[in-house]
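Note that the structure is predicted; figures quoted are calculated from it, not measured.
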2 protein chains.
Amino acid sequence: MTGPTSRGIPEATVARLPIYLRVLGALADAGTRTVSSDELAALAGVGSAKLRRDLSHLGSYGTRGVGYDVEHLAYQVSRELGLTQDWPVLIVGVGNLGSALAGYAGFASRGFRVCALVDADPDVIGTTVRGLRVQPAAELEDVVRHTGACIGVLATPAPVAQRMCDRLVSAGVRSILNFAPVVLTVPADVDVRKVDLSMELQILAFKEQRKTSKAIAASPVLGSAAGGVR
Amino acid sequence: MTGPTSRGIPEATVARLPIYLRVLGALADAGTRTVSSDELAALAGVGSAKLRRDLSHLGSYGTRGVGYDVEHLAYQVSRELGLTQDWPVLIVGVGNLGSALAGYAGFASRGFRVCALVDADPDVIGTTVRGLRVQPAAELEDVVRHTGACIGVLATPAPVAQRMCDRLVSAGVRSILNFAPVVLTVPADVDVRKVDLSMELQILAFKEQRKTSKAIAASPVLGSAAGGVR
DNA sequence: TTATGTGAATCCATTCACAGCT
DNA sequence: AGCTGTGAATGGATTCACATAA
């Protein structure tokens, strides 16, 4: 109804579009004009059937017998993700992580513009980080209005994250990227994505543990002692 | 066969265990002895049926009519994730992000011990970051052997990430957390998890875009101009 | 002939609803 | 009476396999 593909791209597909976009960018930089679903899938680390299904949700941008035009597909993916426009981003909390984020090159290259930094610490307020003056957290609402920030990044300590989140929401921010190790409560029309650095490590630890115990079970000597009771 | 629950916890469940663990920790700190699936689910931001299904994969640690013992459940989740042991972590690349990670409190509290930092930049080598001397990337293999590092964290620029990854793998590291914006190629027995900071923002942008266009379509004035062709 | 796009089958995850235990 | 743990139903995502188009 609303668009070319009767709007409704699966969540799982959206989560992979940024990967495809990155690979397409690398291909374009290398001067590649055309790419097949097999090649693109291999570079992105997914199966080719999955890739074709994903792209089919955007429309028919491939050519049978040939493949996809790299430039054109990259543009279509960009547009679908909303990256053809400029997104002003406000970072709340300018500690180690916050200042690393402020300087992260991957943001600027995708249309994300860090437009303001705020912090509550008097020692940090007023200092310049990556060319931006850190503003007082007390004036967060003014900063949002003044910069037109659309997306808020929370890089504060856990105890104040919910409070800062509430203030972002009441100032009109409806998309939040949360690095603080807490589960935020927000109204239904606000989207929160959480990046939890230690969570990722925990999942790795789980898998590493399984690999290690499998290796022990497979060991002729240790295996019988550990698993072979009976 | 191998354990209490015939090994095979769904991927999706494993990804949520760290959330439950965090909430359980907060409850324990607050002195709560017992928690029901409804309460725990609400705090974790999931449905209670999903939570009970998830926990059922670990075993029967609840008491009908009562709920779960906070301490005991936290221990069981910890154990399942492999957090009752110590995981030496090596960070490769000590730029802004790498040094932020080196000081991240969430690591230490979950059994992850940053055991070494390496970098290729002569200006950085030899400096002390978070109490650790930065060692030369040239000696990466020696550092892995000497520290017994199990998990490698890649926080290098994109162009060198694959090379550093290869060297980690050949030195025996089989679990890698990748912050560099590239898709790494590794042997089948190596696990890689990728944290892509701009990817998360891109997904938010996609949703924000949908919200905005929905708002325009719903607007009596702008709606007809934007969407209602024909 | 080659490689896309997609029905159809399959697999996995979520949700419902309630039997069973305390 | 209350809450867990789980069959059964549902819903999404992945994979297969091929009709279709260049």
Side-chain angles (χ1 to χ4, degrees), chain A residues 3-20 23-24 27 32-74 76-77 80 203 206-207, chain B residues 3-20 23-24 27 32-74 76-77 80 203 206-207:
Chain A
T5 53
S6 88
R7 288 302 119 122
I9 297 179
E11 195 68 26
T13 294
V14 173
R16 282 185 295 266
L17 292 180
I19 307 180
Y20 304 152
V23 174
L24 288 167
L27 287 170
T32 311
R33 313 283 296 180
T34 273
V35 68
S36 73
S37 64
D38 276 338
E39 293 162 346
L40 187 50
L43 290 169
V46 302
S48 70
K50 189 189 280 187
L51 178 126
R52 287 201 303 280
R53 174 77 65 196
D54 281 343
L55 295 184
S56 77
H57 288 115
L58 314 191
S60 283
Y61 297 124
T63 308
R64 292 172 196 235
V66 178
Y68 301 88
D69 180 273
V70 172
E71 293 266 354
H72 186 237
L73 185 57
Q76 292 299 342
V77 174
E80 194 61 53
I203 296 170
F206 172 79
K207 297 189 176 183
Chain B
T5 52
S6 87
R7 286 304 117 119
I9 298 179
E11 196 68 25
T13 294
V14 173
R16 283 185 294 267
L17 292 181
I19 307 179
Y20 303 152
V23 174
L24 288 167
L27 286 170
T32 311
R33 312 285 296 179
T34 272
V35 68
S36 73
S37 63
D38 276 337
E39 293 162 346
L40 187 50
L43 290 169
V46 303
S48 70
K50 188 189 279 186
L51 178 125
R52 287 200 303 279
R53 175 75 68 194
D54 282 341
L55 295 184
S56 77
H57 289 115
L58 313 190
S60 284
Y61 297 125
T63 307
R64 293 172 195 234
V66 178
Y68 301 90
D69 181 274
V70 172
E71 293 266 353
H72 185 237
L73 184 57
Q76 293 298 341
V77 174
E80 194 62 52
I203 296 170
F206 172 80
K207 298 191 177 184

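- Applying the salt bridge (charged side-chain N to carboxylate O under 4.0 Å, His left out) test to residues at least two apart or on different chains, none of the pairs has a partner in residues 35-45 of chain A.
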side-chain contact (heavy atoms from CB on, under 4.5 Å) between A/Leu24 and A/Leu40, intermediate numbers included
CA-CA 8 Å; A/Leu24 288 167; A/Leu40 187 50; 4.1 Å; yes
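- Between the C1' atom of C/dC21 and the OH atom of B/Tyr61 lies a distance of 18 Å, rounded to the nearest Å.
- Following rounding to the nearest Å, A/Leu55 (CG) and C/dG5 (P) show an atom-to-atom distance of 8 Å.
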Please determine whether side-chain contact (heavy atoms from CB on, under 4.5 Å) holds for the pair B/Glu71 and B/Gln76, giving the CA-CA distance in whole Å, both sets of side-chain angles, and the decisive distance to 0.1 Å.
CA-CA 9 Å; B/Glu71 293 266 353; B/Gln76 293 298 341; over 6 Å; no
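- As a whole-Å value, the separation of A/Gln76 CD from C/dG5 P is 12 Å.
- Across the interface with DNA chain D, nearest-nucleotide mapping of A/Thr63 and A/Asp54 shows A/Asp54 to be the residue nearer the 5′ end.
- Nucleotides of DNA chain D with any atom under 4.0 Å from a heavy atom of chain A span, from 5' to 3', D/dA13 to D/dA22.
- The minimum heavy-atom distance between A/Gly62 and A/Tyr68, with the atom names listed, is CA-CD2, 3.4 Å.
- Here the side chain of A/Arg53 is nearest to one of C/dA8, C/dT4, C/dT15, namely C/dA8.
- A residue-by-residue look at B/Val66 and A/Gly67 shows that A/Gly67 has its nearest nucleotide of DNA chain C further toward the 5' end.
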What nitrogen or oxygen pairs link the protein and nucleotides 9-13 of chain C at under 3.5 Å?
none

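- Side-chain contact between A/Val70 and A/Thr34: absent, with no pair of heavy atoms (C-beta onward) separated by less than 4.5 Å.
- Atom CD of A/Glu39 is separated from atom C1' of C/dT2 by 12 Å (rounded to the nearest Å).
- Rounded to a whole Å, the CZ atom of A/Arg52 is 10 Å from the C1' atom of C/dT6.
- Heavy-atom minimum distance, B/Ile203 versus A/Ala15: CD1-CA, 3.8 Å.
- A 4.5 Å side-chain heavy-atom check between B/Leu27 and B/Val23 finds at least one atom pair inside the cut-off.
- The heavy-atom pair separating B/Ser48 from B/Ala41 by the smallest distance is CA-CB, 3.5 Å.
- A salt bridge (charged side-chain N to carboxylate O under 4.0 Å, His left out) check over residues 50-64 of chain B, counting only residues at least two apart or in different chains, returns the pairs B/Arg16-B/Asp54.
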